[in-house]
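Reading through the structure tokens given below for one structure.
Worth knowing before you read on, the calculation uses all heavy atoms, side chains too, and leaves out hydrogens, waters and symmetry mates. On a predicted model such as this, the values are computed, not experimentally measured, just so you know.
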Amino acid sequence: MWVMLQTLDDSVPKYRDRVSSPGLMISPKSPGLELTFSKSDKSSYEAYTKVLHSFLGPYNDSLQATNNVACTQGHYFEQEGVEERKSCQFNRSSLGPCAGLEGNEYFGYNEGSPCVIVKMNRIIGLKPLGNPKINCTSKAENVSLQYYPDYGMIDLMYYPYYGKKTHLNYVQPLVAVKITPLNTTGTSEVVLECKLQGSPNLKNEDDRDKFLGRVNFRVQIRD
């Protein structure tokens with residue numbers, strides 16, 4: 001039995017046909033997934049922007065150019081039989097005004113048009129089918145949503161993920177959503193549901209798990 005256990009690789013799923021579907025989460029993450037701030041009060045959103053800068057640090061273009069490789073878009077980056085897997089570049093600058101770079105250091109919070117990052121949980125061995133993307137909806141019609149990268153697309157080149165032991169410098173793909181209320185004065189409250197779409201093997205409905213392929217959050221913006 002001991003010899004058999006030695007041959008098992010704990011960096012890959014034990015059952016390849018049982019790769020689970022990922023959950024979604026946002027950054028910045030707050031209690032109850034509620035973001036509340038005043039665009040005229042820096043202290044009310046500074047904690048959110050600090051979290052975003054820290055979270056996006058590993059995605060800095062300079063680090064990606066040094067540590068990771070430019071991959072072919074639209075194709076899986078499969079690396080079977082290799083001890084140390086390379087990782088595809090995901091450049092922070094691809095998030096546009098939601099990258100928090102020069103001129104957008106406050107991710108739009110100071111303008112009442114905040115950015116929220118949506119990420120998929122890492123799952124070893126996952127290979128999304130089709131053209132996966134993240135799409136967000138609001139029950140109200142008082143908000144404009146912009147996605148970075150365009151259309152909230154998630155490229156296949158970031159899959160499969162082989163686990164932190166062998167997949168060095170791996171960064172998961174992100175989708176930034178810039179939330180702009182159409183009402184520019186007073187208080188705006190936006191309730192969003194973001195879901196994985198475009199891929200038949202990525203689930204987004206399960207009454208037992210409210211984060212499976214989806215995430216709901218609330219943003220309240222005051223003057």
Side-chain angles (χ1 to χ4, degrees), residues 10-37 45 47-59 90 94-95 98 100 107 109 114-140 143 145-149 151-164 167 170-179 189-221:
D10 62 2
S11 69
V12 298
K14 303 301 183 291
Y15 303 100
R16 291 292 182 122
D17 59 340
R18 297 184 186 177
V19 176
S20 57
S21 197
L24 293 186
M25 187 43 67
I26 63 168
S27 183
K29 182 181 177 182
S30 61
L33 297 185
E34 295 186 5
L35 306 176
T36 301
F37 67 96
Y45 57 77
Y48 299 147
T49 59
K50 284 183 177 180
V51 167
L52 286 169
H53 277 296
S54 176
F55 176 71
L56 292 174
Y59 292 84
F90 188 104
S94 68
L95 299 178
C98 292
F107 299 90
Y109 285 75
C115 293
V116 173
I117 307 295
V118 184
K119 59 177 182 175
M120 248 180 12
N121 295 339
R122 299 181 185 186
I123 293 185
I124 296 174
L126 176 66
K127 294 167 68 175
L129 301 174
N131 297 292
K133 67 177 183 178
I134 289 175
N135 184 64
C136 303
T137 56
S138 171
K139 292 181 179 179
V143 63
L145 304 176
Q146 294 173 282
Y147 299 90
Y148 305 91
Y151 309 109
M153 300 301 295
I154 300 173
D155 202 285
L156 299 180
M157 65 183 177
Y158 299 105
Y159 302 95
Y161 169 56
Y162 290 95
K164 62 182 180 180
H167 213 159
Y170 178 83
V171 290
Q172 64 219 80
L174 307 173
V175 171
V177 185
K178 189 169 182 63
I179 304 163
E189 183 169 283
V190 180
V191 179
L192 291 177
E193 180 177 60
C194 297
K195 286 185 174 184
L196 283 169
Q197 295 183 346
S199 178
N201 66 330
L202 299 182
K203 300 177 182 178
N204 62 20
E205 294 287 350
D206 190 327
D207 292 337
R208 297 167 299 175
D209 186 351
K210 64 181 180 179
F211 294 109
L212 184 67
R214 59 181 171 169
V215 62
N216 293 271
F217 60 97
R218 183 188 307 268
V219 181
Q220 187 179 84
I221 305 166

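Using a 4.5 Å heavy-atom cutoff, the side chains of S21 and N201 are not in contact. A 4.5 Å side-chain heavy-atom check between L33 and M25 finds at least one atom pair inside the cut-off. The shortest side-chain heavy-atom distance between P132 and L156 falls under the 4.5 Å cut-off. Put simply, the side chain of P22 reaches to within 4.5 Å of the side chain of L196, judged on heavy atoms. Looking at R218 and E189, their side chains come closer than 4.5 Å, going by heavy atoms from C-beta outward. A heavy-atom distance below 4.5 Å is not found between the side chains of K133 and Y147. Within the 4.5 Å cutoff, no side-chain heavy atoms of I117 are placed close to those of Y59. Put simply, the side chain of F217 reaches to within 4.5 Å of the side chain of C194, judged on heavy atoms.
The backbone N or O of T36 sits less than 3.5 Å from a side-chain atom of Y48, completing a donor-acceptor pair. Checking side-chain atoms of R122 against main-chain N and O of Y170 turns up a donor-acceptor pair under 3.5 Å. Of the possible donor and acceptor atoms, one in the side chain of S199 sits under 3.5 Å from a partner among the backbone N and O of L129.
Between C115 and L52 the shortest heavy-atom distance is O-CD1, 4.0 Å. Across all their heavy atoms, V51 and S27 have their closest contact at CG1-OG, 3.7 Å. Summarising the geometry of V175 relative to G152, their closest heavy-atom pair is CG2-O, 3.5 Å, with the distance given to 0.1 Å. The two atoms that bring G130 and P200 nearest to each other are N-CD, 4.4 Å, heavy atoms only.
Distance check, rounded to the nearest 0.5 Å: OG1 of T49 to CZ of F107 gives 7.0 Å. Distance check, rounded to the nearest 0.5 Å: NZ of K119 to CD1 of I154 gives 13.0 Å. Between atom OH of residue Y159 and atom CD1 of residue I123 there is a gap of 9.5 Å, rounded to the nearest 0.5 Å. Separation of atoms CG (D209) and CG (N204) is listed at 11.5 Å; rounding is to 0.5 Å. Here the CG-CD distance, from N121 to Q172, works out to 7.5 Å after rounding to the nearest 0.5 Å. Interatomic distance, CG of L145 versus CD1 of I179, reported as 6.5 Å (0.5 Å rounding).
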Given side-chain contact (heavy atoms from CB on, under 4.5 Å), test V116 with L192 step by step and report yes or no.
CA-CA 11 Å; V116 173; L192 291 177; over 6 Å; no
Going through the distances and angles, do L202 and L126 end up as a side-chain contact (heavy atoms from CB on, under 4.5 Å)?
CA-CA 9 Å; L202 299 182; L126 176 66; 3.9 Å; yes
Between L174 and L56, is a side-chain contact (heavy atoms from CB on, under 4.5 Å) present by the stated rule, with each step listed?
CA-CA 10 Å; L174 307 173; L56 292 174; 3.7 Å; yes
Between I134 and Q197, does a side-chain contact (heavy atoms from CB on, under 4.5 Å) hold up when you go through it step by step?
CA-CA 6 Å; I134 289 175; Q197 295 183 346; over 6 Å; no
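Taking the six-membered ring where the residue is Trp, F90 and Y158 present tilted rings, their angle falling between 30° and 60°. Ring pair F37/Y109 is tilted by interplanar angle, where 30° to 60° counts as tilted.
With respect to the salt-bridge test (charged N to carboxylate O, under 4.0 angstrom), the residues E205 and R214 qualify.
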